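Working notes, structure below.
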2 protein chains.
Amino acid sequence: MSRPPVADPRRTLTLRDVSEASGVSEMTVSRVLRNRGDVSDTTREKVLQAARALGYVPNKIAGALASQRVNLVGVIIPSMSNMVFPEVMTGISETLEDTGLQPVMGVTNYNPEREESVLYEMLSWRPSGVIIAGLEHSPAARAMLESAGIPIVEIMDIDGDPVDSAVGISHRRAGRQMAETIVASGYRRIGFLGTKMPEDHRARKRLEGFREGLARAGLELADEEYYGGGSALLKGREMTEAILRRTPDLDFLYYSNDMIGAGGLLWCLDQGIDVPGRLGLAGFNGVELLDGLPRKLATMDACRREIGVHAAEIIAGKRPSGVIGGELIELFPTLQPGDTIRRP
Amino acid sequence: MSRPPVADPRRTLTLRDVSEASGVSEMTVSRVLRNRGDVSDTTREKVLQAARALGYVPNKIAGALASQRVNLVGVIIPSMSNMVFPEVMTGISETLEDTGLQPVMGVTNYNPEREESVLYEMLSWRPSGVIIAGLEHSPAARAMLESAGIPIVEIMDIDGDPVDSAVGISHRRAGRQMAETIVASGYRRIGFLGTKMPEDHRARKRLEGFREGLARAGLELADEEYYGGGSALLKGREMTEAILRRTPDLDFLYYSNDMIGAGGLLWCLDQGIDVPGRLGLAGFNGVELLDGLPRKLATMDACRREIGVHAAEIIAGKRPSGVIGGELIELFPTLQPGDTIRRP
DNA sequence: CTGAAAGCGCTAACAC
DNA sequence: GTGTTAGCGCTTTCAG
């Protein structure tokens, strides 16, 4: 099919248009636009000028099909709204910046079916790699990851069996460590406050580790409280009130995340409760928000940025180790006791 | 070039593989996989079974090139970490859900050069539409948007000259309205606290509107304070302390966003300052976080989710109006006086 | 209902 | 340094 004699104004420009406008072959135009191979300065200028004048934007679809190369990295995360993933994304973006690779984000809302479809959609664009949160996936999703033939990095968590590479912390260990610290500080009647999210495996593992840590000291959780959606800060208040009403003699509250922990802290201060003397508090994540609170909530930093950086390095093949694939990087969160755990 | 006699295990599967495995022509396989046209149930089953067994994932690159159709919508936003865009994204995702379109996000960090390159990169994948925050773009970016030949929706702001469609609020009006409310409540010595971000045009317009509103009452800002990066909550505290130290007789503080406003509120309460009697406070955005604070900060809801919904409707062609392109949708934020503005 | 042929816009590989 | 040729894996179109 030959082109119509008069250009269709709605058609997007092609290499051929630039070729015709500059009087240079399509192939050479392509070379100039990709900075590939040797092209004389005269030709290069002619081409660039024509491309700019026309406002040509290359068609990556055609380019990718021809070259079998796609400069995209799929990033699949459960949520955007909890302050943890934005920082991971920052680490990824920064690291990918000078590699020519580009992150493309998909959000699953902690829904395995959605994860499956987001992954399918992404793989159908044949990205150069996939970074995906968590080690738990549906069998179909896992099969896709295994047979994708590209680097896969599972992030956030290392307690499990990675498909390929993994970068994260041990949430089980983090929970245990927090329990040990709390027990060592003399607290004995300990309550847990968390989310009703069966699919948040990292929160689950932290709680498991926490229970384990208590058990080693011959303790167990004295009470538990869970919540669904809504403002985490507000929920933290409400849950704290509820659990203390039910079990007034609790002397420590362990929150599954900093936002509800912050809500709890604000509530306790409102009530004039002596923190950390009468009641100790701790959260998880190390979010920046805590810096502005009247008192510093004890927490553990989840190494979010660092996780993003390492994951991107693996995909971009710039790991100093030189290892290709199958890397497992464990990071070690630091416990920040803040002002809400009494010194032993 | 003919294929090698033995399949390369690293090669990803093609339609032809499914065709051979099922004994059905590539064309019919393609029809089945896209639910297009009439295919007998027997054939359909054979094909689906073969595709599942092989773990075939269609190659959208080839599909897009052949069909000249890409089910992607580019979404370009300045930041992920300020609680405003996640909600816009939620509105977009929900609305696009049943349209077959998929959002692809790019982040500019309020940097016009970065916006330009993110946009270029996106357009090179020939998306079905672009949703982009703000009405201010570099000349090159604007030229790209104008000649892209696809629906463009500029969001968040309507004070300016849209390329195509726009959905948002008038930040100038919002600022003016807040000023009027404050003045009507009897405050006279008013300070402003904001960000050092010359590229945050919406914050700038709010401030302009705010000044305008004050001017109408014969007032002007008594003092101003600006900050760079860091924890917004903490900065809110520090700035509040700084501005009140410098100008102790201020009776109202207007913050450019809720996070620094929340920090300011917490600081004032720590100090035992009478809010809103001695000092009134207000922020902007209507973030959910405020619900958990000891007192409710006055704010204005920026209609974030709604903006996302309408923008996506425009791209997906499901506007009830039936209008195609060039739509301008103004939303009207509601002022929530909370507990930090005294009743007149 | 199914199949064959002809590209989509670009780049790898090779000639000149 | 530059041009030519032959696809990349799919879908459109048209013929059966």
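Order of the sequence lines sets the chain letters (A, B, ...), proteins ahead of strands, with each chain counted from 1. None of the values given here were measured: they were computed from a predicted structure.
Base contact: Asp38(A) has a heavy atom under 4.0 Å from a base atom. Using a 4.0 Å heavy-atom cutoff across all strands shown, Arg36(A) reaches no nucleic acid atom at all.
Summarising the geometry, the separation between CG on Asp17(B) and P on dG9(D) is reported as 9 Å, rounded to the nearest angstrom. In this structure, CG of Asn35(A) is placed 12 Å from P of dT11(C), rounded to the nearest angstrom. One can place CZ of Arg31(A) at 8 Å from P of dG3(D), the figure rounded to the nearest angstrom. Counting to the nearest Å, the C1' atom of dT12(D) and the CD atom of Glu26(B) are 14 Å from each other. Rounded to whole Å, atom C1' of dT13(D) lies 14 Å from atom CD of Gln68(B). The distance between atom CZ of Arg126(A) and atom P of dG9(D), rounded to the nearest whole Å, is 9 Å. Rounded to an integer number of Å, the gap from CD1 of Ile61(B) to C1' of dG9(D) is 10 Å. One atom, CZ of Arg34(A), and another, C1' of dT11(C), lie 5 Å apart when rounded to the nearest Å.
Looking at the side chain of Met27(B), the nearest of the listed nucleotides dT11(D), dA12(C), dT12(D) is dT12(D). Looking at the side chain of Thr14(A), the nearest of the listed nucleotides dT11(D), dT12(D), dG9(C) is dG9(C). Minimum atom distance to the side chain of Leu65(B) is reached by dG9(C), of the listed dC10(C), dG9(C), dA13(C). Comparing dG3(C), dT11(C), dC8(C) against the side chain of Thr28(B) picks out dG3(C) as the nearest.
Using a 4.0 Å cut-off, no side-chain N or O of Tyr56(B) falls inside it from OP1 or OP2 of dG9(D). Contact annotation: Thr43(B) does not reach the phosphate of dC1(C) (side-chain N/O to OP1 or OP2, under 4.0 Å).
Between Leu101(B) and Ile315(B) the shortest side-chain heavy-atom distance falls below 4.5 Å. Taking the side chain as every heavy atom from C-beta outward, Pro78(B) and Phe85(B) approach each other to under 4.5 Å. Looking only at side-chain heavy atoms (C-beta outward), Tyr56(B) and Ser147(A) stay at 4.5 Å or farther from each other. Between Glu199(A) and Thr108(A) there is no side-chain heavy-atom pair separated by less than 4.5 Å.
Between Ser25(B) and Ser67(B), it is Ser25(B) whose nearest contact on DNA chain C lies nearer the 5' terminus.
The main-chain N or O of Gln68(B) is never found under 3.5 Å from a side-chain atom of Arg126(B) such that the two would form a donor-acceptor pair.
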